[in-house]
**Q** 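Here it is, the structure in full.
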Amino acid sequence: NFYEVLRTGEVLCNIVNALRPGTIKRTHSSSLPAHWRDNANQFLSACVSMGVSKQLLCGPSDLVDKVNLLRVENTLLALARVVQSGQKYDGPKVGVGTG
């Protein structure tokens, strides 16, 4: 399911690196929750560096501990809006009114 795919943060780090190669230098592929939390923190820092407002970010616990998955979804949508607004982006669109 959606949560289980994202929980370790590895996929999120890979998404960031697909959008901006080299942004996240090291992603943990591990079953240790401490590594998942590090991945989540790296993802969130990358979101801020890409232009997502800190107020729109979830917290690492929202993802790793399944505290608030709606906040995780909102963070992903905020990242999508920032990326889609860039002049160099010509990929698929996400969000309301994107066709």
**Q** Between Gln42 and Arg26 (side chain of the first, backbone of the second, donor and acceptor by atom type, cut-off under 3.5 Å), is there such a pair?
**A** yes

**Q** How far apart are the C-alpha atoms of Leu79 and Leu56, what are their side-chain angles, what is the distance that settles it, and do they pass the side-chain contact (heavy atoms from CB on, under 4.5 Å) test?
**A** CA-CA 9 Å; Leu79 177 61; Leu56 299 176; over 6 Å; no

**Q** Show the atom names and distances, to 0.1 Å, of all donor-acceptor pairs under 3.5 Å that link a side chain in residues 13-24 to residues at least two apart or in another chain.
**A**
{"from": "Asn14", "atom 1": "ND2", "to": "Glu10", "atom 2": "O", "distance (Å)": "3.3"}
{"from": "Asn17", "atom 1": "OD1", "to": "Thr23", "atom 2": "N", "distance (Å)": "3.1"}
{"from": "Asn17", "atom 1": "OD1", "to": "Ile24", "atom 2": "N", "distance (Å)": "2.8"}
{"from": "Asn17", "atom 1": "ND2", "to": "Ile24", "atom 2": "O", "distance (Å)": "2.9"}
{"from": "Thr23", "atom 1": "OG1", "to": "Arg20", "atom 2": "O", "distance (Å)": "2.6"}

**Q** Measuring from Leu69:CG to Asn1:CG, what's the distance to the nearest 0.5 Å?
**A**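 So the CG of Leu69 and the CG of Asn1 are separated by 8.5 Å.
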
**Q** Kindly indicate, with the supporting measurements, whether the criterion side-chain contact (heavy atoms from CB on, under 4.5 Å) is fulfilled by Phe43 and Leu76.
**A** CA-CA 10 Å; Phe43 167 74; Leu76 290 171; 3.9 Å; yes

**Q** Could you grab the distance from atom CZ of Arg71 to atom CG of Leu63, nearest 0.5 Å is fine?
**A** 11.5 Å

**Q** Starting at CG of Leu77, measure out to CZ of Arg81 and round the result to the nearest 0.5 Å.
**A** 6.0 Å

**Q** Who pairs with Ser45 by side chain to side chain donor-acceptor pair (under 3.5 Å), at least two apart in sequence or on another chain?
**A**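 Per chain and number, Ser45 pairs via side chain to side chain donor-acceptor pair (under 3.5 Å) with no residue.
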
**Q** What distance do Leu32 atom CG and Arg37 atom CZ have between them, rounded to the nearest 0.5 Å?
**A** 12.5 Å

**Q** To the nearest 0.5 Å, tell me how far Cys47 SG sits from Lys54 NZ.
**A** 12.5 Å

**Q** Say you draw a straight line from CG of Leu70 to OG1 of Thr75; how long is it, rounded to the nearest 0.5 Å?
**A**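 It comes to 9.5 Å.
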
**Q** If you apply the rule side-chain contact (heavy atoms from CB on, under 4.5 Å), what do you find for Cys58 with Leu44, and how did you get there?
**A** CA-CA 8 Å; Cys58 64; Leu44 295 169; 3.9 Å; yes

**Q** Mind checking whether Leu57 and Val64 sit in one hydrophobic cluster, side chains of I, L, V, M, F, W, Y counted as touching below 4.5 Å?
**A**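 Different clusters.
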
**Q** Is Val11 reachable from Tyr3 through a run of I, L, V, M, F, W or Y residues, each pair having side-chain heavy atoms under 4.5 Å apart?
**A** yes

**Q** Do you know the tightest heavy-atom contact between Ala46 and Ser49?
**A**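 Smallest interatomic distance, heavy atoms only, reads O-OG, 2.8 Å.
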
**Q** For Ser31, check side chain to side chain contact (heavy atoms under 4.5 Å, CB included) against everything at least two apart and list the hits.
**A**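 With neighbours one apart ignored, the set is empty.
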
**Q** Do Asn39 side-chain atoms and His28 backbone N/O form a donor-acceptor pair below 3.5 Å?
**A** yes

